[in-house]
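Below is one structure; the comments refer to it alone.
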Amino acid sequence: MIPVNFSTLAPAGTDTFFAIIQSDRNIIGTTSPAEVVSFVVAVIFAYIIGVAAAFYLKRRFSHKMKKDQLDFRIKAVRVLLVIAAISVTIPAFFDASLTVIAGIFIGLVAVFALAGQKIITNFLCGIAIRYEHPFTSGDYITAGETSGTVVSITPFATVVRTTNGVSVHIPNEKVYSGDVSNFYANVARRYDYELGIRYRDDIEQAIRIITGMLDGYRFVLKYPAPEAFVSDLADSSVKIKIRVWFPSAWANTQDDISLRTHILPEIKRALEAAGIVIPFPQRVVWSGNETQKKRQNDG
Amino acid sequence: MFGRYEGDISYTDDAVSVRLEKTSELPRYVRFCRGEKAEKALPSGRGTIVINPVEPVNLPLPLTRHLEIAFLPISLQPGASQKLFLSFPLEIGVFLEAGGDVHVLDLFSLSTTKFSLYGSPDAGLITRWHTSGLHTAQPVVSRYQEGILELTIRNSSPETVDVSRAVFDSDSMHLFYGDLVEMAGDMEVYSPMIARTTVRNLPPRAGMERCIELYTAKKIPVVQGKGFLMEFGVA
């Protein structure tokens with residue numbers, strides 16, 4: 001692997017170094033100096049190729065892929081290159097066949113598996129999440145009690161940034177085995193609102209005003225069209241339920257409070273402008289004499 | 001307002017004002033539209049400023065790249081073909097062209113925006129929605145608010161099909177301007193559920209100027225010529 005006359009090209013001070021490399025004397029077990037140098041050169045070469053490959057992949061695919069997906073692929077390429085370099089050069093260290101190396105590797109895996117079951121489980125769940133794609137980076141999810149935007153899916157944890165800017169690492173096992181809601185999975189999301197009007201108000205007019213107002217709101221989808229209907233005849237008011245569809249890509253950038261503050265004040269203003277009132281909770285209480293008088297009047 | 005400007009820019013009407021202000025320091029691009037102001041300083045040795053319509057799917061936020069035009073249902077018999085004139089909303093792009101590069105300075109629109117869902121929430125797509133009248137000759141439209149789409153619909157299916165909407169992919173849109181903004185497209189109906197729409201890469205009439213597309217200015221690589229396959233119905 002090292003040319004015989006290589007040392008003649010090198011500076012005079014390195015003569016001893018090349019003499020050691022070219023010697024047949026073993027330095028680690030049965031491994032010769034030349035084999036050690038081959039190993040080091042191969043790993044460095046694989047590293048340099050990996051850096052070049054990463055640069056190329058970033059330039060070529062950064063606008064086509066999500067950052068974490070691209071990073072994962074780049075990491076995979078770099079790790080594979082280093083593994084390939086090691087696989088080619090390391091057998092010489094042991095003067096052993098690949099079968100023996102594989103045996104040692106499996107043994108090590110078994111030791112690690114026993115020592116760190118949780119870690120292995122998280123790792124496997126990370127692979128499953130990447131394979132099944134229940135979400136990708138940038139999606140807004142709820143996993144267990146945590147809601148937020150997925151920043152990255154590492155081999156052992158899913159990193160989520162909550163709406164108040166806190167970064168939460170959820171072990172992949174918890175994410176994979178628990179319920180996950182992905183708010184970006186579908187292109188449109190429905191929001192429901194409910195309000196009450198007085199019994200004496202015109203229901204049809206109120207519904208007309210509400211749907212008309214929603215039609216003029218640009219982020220409320222034209223289709224599926226917004227719906228407003230009487231959902232309950234409650235104690236103090238006639239309840240009207242409103243169903244509105246938004247583009248997920250927009251709705252997910254708003255928190256629930258913003259979605260309400262966008263729509264509900266406008267509806268209130270539009271209804272009040274038409275003389276329709278959203279009543280306070282109320283109860284009619286009759287005293288004893290009044291009840292008797294009422295009975296007489298009714299009778 | 002549309003055109004290429006080497007020197008001054010000054011356009012004002014009831015709805016929009018675009019001008020170049022010469023200050024003691026750097027020249028400044030200023031635009032007012034529907035109560036909204038945009039302002040940008042330009043380099044002193046600036047290149048050419050180009051103002052032209054762009055694919056109408058970018059404002060107020062780039063939520064979609066598809067334009068859906070709804071119109072009065074028209075029944076087409078098997079093998080029939082019909083040329084229609086529809087309107088579409090306009091968005092106006094302002095570009096700085098220098099040293100072989102095109103940079104987006106500003107985007108604005110005089111038309112109102114509405115979004116819709118074409119298909120189902122899980123498999124469909126969000127579209128920029130526009131309702132158009134159905135015309136067999138060029139309709140009268142507001143020059144800076146709406147453009148005209150010359151659409152030829154062909155029914156290749158073995159049954160009569162009602163068509164009341166067309167969805168276009170902005171990646172394959174080619175707009176041209178003259179007195180009005182126009183594009184010409186085709187819609188091949190394969191069944192009541194499936195159709196393909198394409199926009200021709202040719203001016204509908206002679207003497208029209210080609211618009212700089214936004215995907216070109218933003219250097220977004222797109223595959224052109226395929227058009228858009230409508231898979232969720234044409235009515």
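What you see is a predicted model, and the numbers here were worked out from it, not measured in a lab. As a basis for the values below, the full set of heavy atoms in this structure was taken, side chains included, without hydrogen atoms, waters or symmetry mates. Order of the sequence lines sets the chain letters (A, B, ...), proteins ahead of strands, with each chain counted from 1.
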inquiry  = With a 4.5 angstrom heavy-atom cut-off, is it the side chain or the backbone of B/Leu61 that approaches chain A, or both, or neither?
reply    = side chain
key: Aromatic plane relationship, A/Tyr223 with B/Trp129 - under 30° parallel, 30 to 60° tilted, over 60° perpendicular   = perpendicular
Answer yes or no: does atom [atom1] of [X] have more than 12 heavy-atom neighbours from other residues, nucleotides or ligands under 6.0 Å?
{"X": "B/Asp122", "atom1": "CG", "result": "yes"}
{"X": "A/Phe123", "atom1": "CZ", "result": "no"}
{"X": "B/Gln77", "atom1": "CD", "result": "no"}
{"X": "A/Arg60", "atom1": "CZ", "result": "no"}
{"X": "A/Tyr47", "atom1": "OH", "result": "no"}
{"X": "A/Phe45", "atom1": "CZ", "result": "no"}

query = Any donor-acceptor pair under 3.5 Å linking the side chain of A/Lys222 with the backbone of B/Arg128?
reply = no
inquiry  = Quick check against the 3.5 Å criterion: does B/Lys114 have a side-chain atom that pairs as donor or acceptor with the backbone of A/Phe219?
reply    = no
message = Which heavy atom of A/Ala249 sits nearest to which heavy atom of B/Leu63, and what is that distance?
response = CB-CD2, 3.9 Å
ask   = Side-chain contact, heavy-atom cut-off 4.5 Å: A/Pro224 with B/Leu117?
value = yes
ask   = Do the side chains of A/Leu221 and B/Ile126 get nearer than 4.5 Å, heavy atoms only?
value = yes
message = Among B/Pro121, B/Ala123, B/Gly124, which residue has the highest count of heavy-atom pairs closer than 4.5 Å to chain A?
response = B/Pro121
